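Since we're looking at a predicted model, the values are computed, not measured. Positions are given from 1 along the sequence.
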Amino acid sequence: MPPPSRSQIRDQPSEKRTKVILSAEEARNQPFKQWDGLDLSGVGLRMINLQICSLKMSLTALYLNQNHLADVPPQIALLGSLEVLDLSHNEIQMIPRDMGKMRSLRELLLFANQLRDLPFEVGLLFQLHTLGLHGNPLEEPINTYSMEGTESVMTYLLDNAEIQAEPPKRPLQRPTRTAFREGDVPPASFTVLAYNVLCSSYATRQIYAYCPSWALEWDYRKKMILDEIKGKDADIVLLQEVEMCEFYAYFQPELHQRGFEGMFSAKSRARTMRERDRKSVDGCAIFFRCDVFEKQKEMLVEFERLSAQLGSGSADILNRVMSKDNIAIGAILLHKATKTPLFVGNAHLHWDPEYKDVKVVQAAMLVHEINKFVAVDDKKRMPILLGGDFNSEPNSGVFKMLAEGEVGLDHPDLIDREYAKFDEVVGFNHDLKLRSVYNGELPYTNYTADFKGIIDYIFYSTDGLAPVKVLGPIPDDVMDTFDGCPNPHFPSDHLPLFAEMALTRVVQPAEVKS
């Protein structure tokens with residue numbers, strides 16, 4: 001066989017630019033597996049083949065560094081699963097705005113290109129922790145921010161990115177489950193709003209990286225929250241995560257001007273803190289319209305203290321429950337028009353998903369205290385309204401006990417825990433006849449990038465109340481445009497709950513024990 005000609009040698013790829021992914025034998029014997037990474041670095045590419053974008057479902061890492069790329073096609077945004085993209089040491093002068101859609105990106109390496117600026121849409125890549133820009137002729141102010149690091153660049157870009165269109169107003173609708181029939185005329189009705197407003201100390205860019213810094217500022221969010229409260233014009237308002245200083249300096253004065261009286265209690269830790277520090281502790285607040293209701297007496301439930309009294313010394317009570325300083329508050333309100341007393345409660349249970357048992361115990365203590373607090377005879381009971389952030393989904397032990405009246409020690413949230421003695425003393429059951437106002441109308445009440453689910457509720461006693469209308473959902477196609485809440489249009493990571501409630505049975509004050 002004659003030796004290859006010079007032209008044949010010239011047409012053969014250089015060994016330095018040849019990537020052997022699988023040998024011929026490995027290709028024959030290797031079972032099929034989708035690629036999750038592709039390395040095309042240093043192979044002399046001058047353009048990106050759009051066929052690469054067909055790997056959008058499997059590719060998580062793409063290396064195109066050390067080539068001769070002058071631009072990046074917008075279609076690269078189709079690689080929605082990509083976590084690492086290396087475009088360093090090319091000749092790129094501009095990256096497309098569509099790259100802001102690649103929300104899974106964690107590393108975007110653009111070292112040693114010809115970039116002078118970045119599109120603001122890059123700031124939408126909220127999971128990005130490494131943005132490599134060194135070696136580019138960057139203009140101001142991006143150049144200064146790049147010297148401060150990735151977080152500074154991303155904050156600047158996101159803060160200046162285009163704001164999505166304002167979502168439509170949520171409609172009022174008839175609940176899917178209610179004893180109140182259309183056409184019925186109840187003795188009286190009232191409205192209630194329940195809302196976790198997101199405490200300012202929790203509203204950080206580290207937690208909500210998808211939200212512009214200016215939209216996380218309390219001065220911006222508190223006005224939107226108050227506008228929400230004013231817009232719904234509810235007779236009863238239940239707020240969670242209200243800082244002590246904001247209750248007294250903002251919410252109470254503002255709502256007092258609108259005819260409301262308020263009550264508040266901070267989490268138990270505030271008792272042991274200095275005056276200056278306790279002002280920033282959050283808690284629960286109840287507001288009620290003075291021309292509709294009159295307060296008769298108040299209730300405070302400190303789960304930390306109560307567990308010490310009722311826990312019977314079990315290891316799980318001591319080590320898991322007593323260390324959580326969550327609270328609930330309540331009051332008996334007299335409905336002035338009908339002279340009917342109504343118990344109104346507001347709770348905020350522990351947040352951690354690893355402590356589902358603690359939440360069930362807290363809920364059990366709560367209904368135990370409500371039973372003691374309200375006046376009850378053998379036949380009749382005042383209506384009960386209980387709202388708040390229960391940090392528990394509809395399949396949880398908390399929801400099962402509250403909505404069905406009982407949960408067993410064999411429930412997944414309680415199994416393998418030492419609560420038998422607590423069950424004997426307090427019990428994981430009640431006879432308050434509670435039901436959730438919402439039953440499938442909302443797909444979620446908490447909406448973040450990491451979690452979307454139902455954890456907030458308004459419960460009511462079915463023997464004295466019935467929902468007439470509830471606040472409906474936001475269309476999915478609208479919410480899909482947001483990575484999560486809070487954002488410029490939603491001031492909290494929670495959505496407010498709202499309902500019109502009918503008093504289906506008038507209870508005379510004589511039935512209430514003093």
Side-chain angles (χ1 to χ4, degrees), residues 13-92 94-113 115 118-119 121-135 149-151 153-154 157-158 206-207 209-210 353 448-452 480-484:
S14 166
E15 292 183 3
K16 294 181 180 180
R17 295 186 176 181
T18 302
K19 299 286 185 181
V20 178
I21 298 172
L22 292 175
S23 67
E25 183 178 356
E26 288 173 331
R28 287 192 299 270
N29 301 326
Q30 191 82 1
F32 173 77
K33 181 182 178 182
Q34 285 189 320
W35 290 352
D36 57 8
L38 184 59
D39 186 353
L40 294 174
S41 59
V43 295
L45 291 178
R46 296 187 177 275
M47 62 178 294
I48 297 176
N49 192 322
L50 296 184
Q51 289 185 347
I52 291 177
C53 300
S54 65
L55 302 172
K56 58 185 177 182
M57 297 304 294
S58 60
L59 208 59
T60 61
L62 177 60
Y63 300 92
L64 298 170
N65 50 301
Q66 296 178 318
N67 284 295
H68 302 291
L69 299 174
D71 56 33
V72 180
Q75 290 88 339
I76 199 167
L78 295 173
L79 298 172
S81 299
L82 210 60
E83 297 178 9
V84 179
L85 176 59
D86 190 351
L87 293 166
S88 302
H89 296 276
N90 279 286
E91 300 163 14
I92 300 169
M94 183 188 306
I95 62 173
R97 298 172 59 183
D98 290 49
M99 194 171 283
K101 300 175 182 178
M102 303 173 71
R103 298 293 211 275
S104 297
L105 271 182
R106 287 166 169 77
E107 293 184 33
L108 177 57
L109 306 180
L110 300 167
F111 297 114
N113 276 285
L115 294 171
L118 293 175
E121 286 76 7
V122 171
L124 301 174
L125 304 176
F126 64 91
Q127 299 195 77
L128 199 72
H129 59 72
T130 303
L131 176 61
L133 293 173
H134 182 72
T150 295
E151 184 176 350
V153 175
M154 297 302 289
L157 294 174
L158 182 59
Q206 287 71 31
I207 301 175
Y210 48 80
T448 69
D450 300 323
F451 174 82
K452 296 172 179 63
D480 287 345
T481 65
F482 301 102
D483 293 305

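- Listed for the S41 side chain is no donor-acceptor partner under 3.5 Å among the backbone atoms of N65.
- With sequence neighbours excluded, the residues forming a salt bridge (Lys or Arg N to Asp or Glu O under 4.0 Å) with D98 are K101, listed by chain and number.
- Minimum heavy-atom separation, N113 to I92: OD1-N, 3.0 Å.
- Checked against salt bridge (Lys or Arg N to Asp or Glu O under 4.0 Å), E107 has no partners two or more places apart in sequence or in another chain.
- Across all their heavy atoms, P73 and P96 have their closest contact at O-CG, 4.0 Å.
- Partners of L45 by side-chain contact (heavy atoms from CB on, under 4.5 Å), not counting sequence neighbours, listed by chain and number: L40, V43, L64, N67, L69.
- Checked against side-chain contact (heavy atoms from CB on, under 4.5 Å), A209 has the following partners two or more places apart in sequence or in another chain: F126, R205.
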ask   = Which is it for Q75 and I48 under the side-chain contact (heavy atoms from CB on, under 4.5 Å) test, yes or no, and what are the steps along the way?
value = CA-CA 10 Å; Q75 290 88 339; I48 297 176; over 6 Å; no
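- Looking only at distances, no side-chain donor or acceptor of T448 sits under 3.5 Å from a matching main-chain atom of G484.
- In the displayed structure, H129 atom NE2 is contacted under 6.0 Å by more than 12 heavy atoms of other residues, nucleotides or ligands.
- For D86, the salt bridge (Lys or Arg N to Asp or Glu O under 4.0 Å) test picks out no residue, with sequence neighbours left out.
- Scanning both residues, M99 and L125, for their nearest heavy atoms gives O-CD2, 3.4 Å.
- For P119 against R97, the heavy-atom pair with the smallest separation is CB-CG, 3.9 Å.
- Between L79 and I52, the shortest heavy-atom contact is CD2-O, 3.6 Å.
- For Y63, there are no ring pair (Phe, Tyr, Trp, His ring centres under 6.0 Å) partners at least two apart in sequence or on another chain.
- Summarising the geometry of G80 relative to S104, their closest heavy-atom pair is O-OG, 3.1 Å, with the distance given to 0.1 Å.
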key: Chi angles and distances behind the side-chain contact (heavy atoms from CB on, under 4.5 Å) call for V72, N90   = CA-CA 11 Å; V72 180; N90 279 286; over 6 Å; no
